[in-house]
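Presented below is the structure to which this report refers.
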Amino acid sequence: MEYRFRDIEKKWQDWWKSNNVYKVSNDSPKPKYYVLDMFPYPSGAGLHVGHPLGYIASDIYARFKRLKGFNVLHPMGYDAFGLPAEQYAIEHGIHPAISTENNINNFRKQLDNIGFCFDWSREVRTSEPNFYKWTQWIFLNLFHSFYNRKTNKAEPIENLIKIFEAEGNYAELRSPNSELFSAAEWKSFDELKKQNILMDYRLSYCGYGEVNWCEALGTVLANDEVINGVSERGGHPVVKKKLRQWYLRITEYADRLLEGLQKVDFSDSMKEMQSNWIGKSSGAEIEFLVRNQKSGISLRVYTTRPDTIFGVDFMVIAPEHELVEQIKTSGQAKAVDEYIAYVKSRSERERMAEKKITGVFTGSYALNPFNVREIPIWISEYVLIGYGTGAIMAVPCGDQRDFLFAKHFNIPITNIIGSHYNGDEANPTKDAVLENSDFINGMVMKDAIDVVIQKLEEKGIGVRKVNYKMRDAAFSRQRYWGEPFPIIWKNGIAESLDDSELPVLLPHLDDLKPGPDGEGPLSNLAEWKNYKDGTREVNTMPGYAGSSWYFLRYMDPDNDKEFCSRKASDYWGQVDLYIGGTEHAVGHLLYSRMWTKFLYDMGLISHEEPYKRLVNQGMIQGSSRFVYRLNPEGSEEHIKKVREKYPNQIFFSYGLYEKYLAIGKASPWNFTPIVDQQFPGYIFKDEEGSDHINVSKIHVDVNIVDGVELDTKAFKKWKGGEFADAEFIYEDDGKYICGVEVEKMSKSKFNTVNPDDLVMKYGADTFRMYEMFLGPVEMSKPWDTKGIEGVHRFLKKLWRLFFKESSQVSPVGGDLEGAVWNEEKATDAELKVLHKTIKKIEEDTERFSFNTGVSTFMICVNDLTDLKCYKKEVLEQLLILLAPYAPHVSEELWSVLGNSGTVLDASFPKWNDKYLKETSKAYPVAINGKTRTELTLALDITQQQVEEIVMKDAIVTKWLEGKQPKKIIYVKNKMINVVV
RNA sequence: CCGGAUGUGGUGAAAUUGGUAGACACGUCAGACUUAGGAUCUGAUGCCGUAAGGUGUGGGGGUUCGAGUCCCUCCAUCCGGACCA
């Protein structure tokens with residue numbers, strides 16, 4: 001009977017479904033284990049071979065843990081709200097609810113094909129009211145909370161009101177925007193004022209701020225959704241705009257998010273990315289008095305290097321700085337105004353692209369607080385209003401930007417670091433001994449930092465200060481396809497809806513055009529917007545709202561009383577293993593960590609970090625294939641001439657293309673190849689000059705290319721016959737070879753490979769194992785289908801340990817025709833193969849090395865084939881090992897051997913040392929690391945016994961020539977070195 | 001520019017604590033069985049060399065009896081952040 005994977009896989013997938021094999025209970029005596037995948041955004045493009053990589057890895061691990069006796073939670077769901085569905089709706093006229101539903105169904109079908117062990121009864125969709133009800137509920141909890149800096153945790157806003165009523169607002173409580181007031185003053189404020197003050201403390205709050213506004217998408221974007229000044233989705237330009245927005249006060253959690261990284265098992269690069277994003281730096285804020293016609297102005301700067309205070313040669317403030325108007329002198333007013341106008345005319349993108357040194361002198365001087373030296377104040381766009389105080393003290397001998405600025409504008413440079421400064425570039429060292437520095441002369445810089453800060457604080461002109469790059473996260477979108485806010489506006493006050501009014505359903509809307517004044521589409525729906533005696537908030541929540549807590553919902557998906565019962569979250573606890581891509585490093589992962597900390601502060605869950613261990617699967621890149629078409633270009637006459645001779649499209653094989661270029665030989669058309677930088681390829685020019693033949697590189701579907709060889713027949717049919725008339729110039733061996741480049745996998749590059757096709761051709765088990773066999777899960781690599789045959793061959797070989805293959809067609813299951821397996825007792829040699837495999841598979845799987853795991857199976861099956869071992873005793877155990885990797889064939893053969901139920905309910909075999917011990921082993925011996933011989937020694941012997949045997953060995957004694965060895969090094973179990 | 005990662009045959013890659021580098025697989029070559037094979041099986045396969053032998057983990061240097069592995073330095077590729085004071 002042959003290995004009929006299609007029937008087998010269909011059979012077991014149906015069986016798993018109808019027997020609820022993967023349904024997980026919250027009530028089990030077994031220890032729990034939670035394996036989670038980053039749930040997908042169901043895009044219209046469907047799955048390509050890159051998507052399932054992480055799912056397969058987690059699936060293997062989840063099954064493995066189940067075999068090891070854990071109660072494993074392994075759920076899946078959909079991150080279904082978001083911008084792309086809405087963009088798609090606008091472009092194609094399909095309502096997001098419909099397209100999302102379609103895409104989900106399509107995803108599900110593709111996922112089911114691969115045979116995952118997800119517990120689909122726990123599926124969540126962020127766009128479902130029974131899910132986003134709780135997203136809204138958590139949002140309201142954030143809204144009703146503030147961060148108490150004294151207790152260092154989130155608390156109900158009532159606590160803050162009590163403090164205000166009793167003590168008023170004081171410095172330690174103060175939020176940057178809020179004023180200080182006494183308890184009595186607080187009581188005298190009217191409601192609007194009180195609410196405005198409270199808004200400065202709420203963990204989700206509404207405020208005005210500079211936001212990233214994307215005109216093309218018609219919405220604001222969070223900082224991590226903007227890459228190099230353009231939107232992550234679509235690459236549209238993004239500008240700064242002041243708008244009323246909802247925010248998440250994530251900055252209050254900056255320190256805890258940073259500290260928490262030490263408690264979790266993430267990769268170094270992931271931790272690095274997060275801590276860079278948080279961007280904690282410590283230093284001081286220093287007050288500089290400004291000397292000009294108006295008195296009493298002071299300029300506050302932030303610096304991490306207060307030790308360089310005597311090296312300050314100028315100050316720079318951001319063009320948007322609030323003191324610009326007051327600081328500019330009448331003499332410089334014109335120049336300053338012109339400069340500000342210039343800066344405004346430049347987009348964010350231009351600024352980043354061309355880093356010109358620009359700036360203008362304000363005419364005013366600041367005074368160094370220690371020696372009252374006059375320091376000119378400049379304005380320049382290289383100082384950002386958003387970071388620190390928007391003003392800096394410039395130390396050109398220590399900071400390269402300051403240095404270049406000083407050189408450019410001929411500002412004299414003070415050297416405070418002696419020979420460490422060479423006059424050609426700044427030196428940011430902290431190890432120099434200070435010079436020209438008044439009371440810190442002679443001190444090492446890094447020691448001087450604290451001394452200066454102390455002195456500043458004593459004199460009341462500065463304060464120690466920690467700064468973060470991270471900003472509060474913009475939490476509203478002017479879009480339709482997201483969670484509505486449970487907020488009503490009344491007389492300028494945001495009021496929360498009552499829990500009983502949740503969920504606030506997203507109303508149906510056919511026309512998704514934006515509302516007036518930069519508001520979202522919901523603004524157009526008056527009957528929905530007007531609610532009770534106020535108006536609803538018409539913005540919606542961003543894509544990351546639902547994903548910030550979805551991992552908790554899986555624990556208790558049907559609960560309609562709570563977002564997740566305490567009992568369920570206590571049982572499942574942290575996600576033990578979280579698998580996903582690095583692209584969420586600073587977005588989703590930070591937000592979900594913050595939400596978890598918040599829920600922990602509120603006493604709603606018992607753990608503070610959501611993910612215990614994070615594994616980042618690598619990206620599978622596309623391996624694009626190209627054909628090279630010759631296009632005549634230039635005068636009409638020339639084109640006609642060429643076309644007369646060659647009426648069809650001519651394609652050049654890659655090898656020839658390369659060859660002609662390499663040797664500079666004339667092509668068959670006598671066009672001399674020359675390199676032309678203007679074109680993305682090469683140009684073949686004719687002798688006359690302007691007329692030439694351009695070679696265009698065309699993406700060709702990887703699925704009609706076998707390795708690098710083009711299937712020319714399929715090519716002619718491809719794209720509805722666009723290339724039906726193609727003629728080919730072949731290699732010498734008559735093949736048409738394509739060019740290869742690694743790019744991002746995308747439909748437009750024709751380099752996507754659909755898993756469905758591979759599953760159809762080779763089966764899900766082969767596909768799963770091949771994806772793992774490609775290399776370490778964490779590594780990015782281009783997809784290459786060549787090689788899948790090897791894995792398929794392995795499964796067929798495995799099959800032949802159970803059945804003789806015959807061409808006769810037999811029904812699946814129950815029919816044991818051609819069975820070769822037997823119940824004989826296994827020999828030691830066979831058990832050795834088995835136990836070696838058990839040990840290796842356990843280790844490989846545990847340390848996530850699935851690629852070597854697959855190899856281990858191949859070696860095992862090769863060995864068993866060599867031994868002609870068809871014994872049930874061995875094979876049965878092997879099937880248990882294989883069940884996580886190739887679940888379908890394992891189930892089939894497991895039942896063939898007469899077992900009932902799923903193989904996953906078996907327990908993972910234990911390996912026995914007894915079978916792994918060698919009776920004897922050859923040890924190479926090296927003398928002075930040069931010469932080698934082999935000795936045969938027993939396995940468990942002592943160092944002393946080894947030395948005795950070595951010294952008795954004929955070859956060794958001959959080498960030693962009577963000399964005594966200095967030492968004999970017995971290295972573990974392999975090598976002995978004799979040093980003379 | 002800063003930070004992180006990676007660099008091993010024709011290809012994907014193994015080598016868990018420093019211990020016979022290249023497991024396993026693809027590809028290639030040769031052979032067997034075949035009317036045929038894109039089926040299956042056997043053998044060979046890092047490179048140079050007919051061979052003995054030499055050489056070999058991006059380059060250079062170091063530690064060690066011994067280095068793919070540890071240290072220094074340079075180079076290349078990928079990813080992330082970039083006027084963050």
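The basis for the numbers below is simple: all heavy atoms, side chains too, and nothing from hydrogens, waters or symmetry mates. To find a chain, count down the sequence lines: A is the first, B the second, and so on, and within it residues start at 1.
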Using the [atom1] atom in both, what is the distance from [N] to [M], to the nearest Å?
N: B:A23; M: B:A15; atom1: C1'; result: 8 Å
N: B:G60; M: B:C75; atom1: P; result: 15 Å
N: B:G3; M: B:U69; atom1: C1'; result: 24 Å
N: B:G4; M: B:U57; atom1: C1'; result: 23 Å
N: B:A85; M: B:G68; atom1: P; result: 41 Å
N: B:C78; M: B:C83; atom1: C1'; result: 25 Å
N: B:G49; M: B:C2; atom1: P; result: 44 Å
N: B:G62; M: B:U11; atom1: C1'; result: 34 Å

Inset, instruction - Could you grab the distance from atom CZ of A:F266 to atom CD of A:E272, nearest 0.5 Å is fine? - result: 14.0 Å
Inset, instruction - Using whole Å, report how far CE of A:M270 lies from C1' of B:G80. - result: 10 Å
Legend entry - Euclidean distance, atom NE2 of residue A:H321 to atom P of B:A85 [Å, nearest integer]: 17 Å
Spell out, as yes or no, whether a donor-acceptor pair under 3.5 Å connects the side chain of [X] to the backbone of [Y].
X: A:R305; Y: A:P428; result: yes
X: A:T389; Y: A:R300; result: yes
X: A:K271; Y: A:V264; result: yes

Within the structure shown, what part of the strands sits under 4.0 Å from [X] by heavy-atom distance: base, sugar-phosphate, or nothing?
X: A:E843; result: base
X: A:K840; result: base
X: A:N851; result: sugar-phosphate

For the side chain of [X], counting heavy atoms from C-beta on, which of [options] is nearest?
X: A:F773; options: B:G12, B:C83, B:G81; result: B:G12
X: A:R800; options: B:U16, B:C83, B:U40; result: B:U40
X: A:Y387; options: B:G4, B:C83, B:A85; result: B:A85
X: A:T304; options: B:A14, B:G4, B:A85; result: B:A85
X: A:R793; options: B:A13, B:C26, B:C24; result: B:C26
X: A:T303; options: B:A85, B:G4, B:U16; result: B:A85
X: A:D268; options: B:A85, B:G27, B:A5; result: B:A5
X: A:S281; options: B:A85, B:G12, B:C83; result: B:A85
X: A:K797; options: B:C41, B:G3, B:A15; result: B:C41

Legend entry - A:F314: which of A:F405, A:F288, A:F403 passes ring-ring contact (aromatic ring centres under 6.0 Å, His included): A:F405
Inset, instruction - Between A:I385 and A:D784, just flag the one whose closest nucleotide in RNA chain B comes earlier from the 5' side. - result: A:D784
Inset, instruction - Identify, between A:S780 and A:T389, the residue whose nearest nucleotide on RNA chain B lies closer to the 5' end. - result: A:S780
Legend entry - Dot-bracket pairing map - RNA chain B, Watson-Crick plus G-U, both contacts under 3.5 Å, | cross-strand: (((((((..(((......[....)))((((((.......))))))(((....)))..(((((..]....))))))))))))....
Inset, instruction - For RNA chain B, find the residues of residues 853-868 of chain A with a heavy-atom distance under 4.0 Å and give them by number; none if there aren't any. - result: A:S855, A:M858, A:I859, A:N862
Legend entry - Short side-chain N/O contact from A:K786 to OP1 or OP2 of B:U11, under 4.0 Å: no
Legend entry - N or O in side chain of A:N276 less than 4.0 angstrom from B:A82 OP1/OP2: no
Inset, instruction - Measure the acute angle between the ring planes of A:F857 and A:Y885, then classify it against the limits of 30° and 60° as parallel, tilted or perpendicular. - result: perpendicular
Assess, by modelled atom type and distance only, whether the side chains of [X] and [Y] contain a donor and an acceptor separated by less than 3.5 Å.
X: A:R625; Y: A:S623; value: yes
X: A:N467; Y: A:S281; value: no
X: A:S780; Y: A:Q621; value: no

Legend entry - Heavy atoms of other groups near A:E583 CD, more than 12 under 6.0 Å: yes
Legend entry - A:D307 bridged to A:K446 by N-O distance under 4.0 Å: no
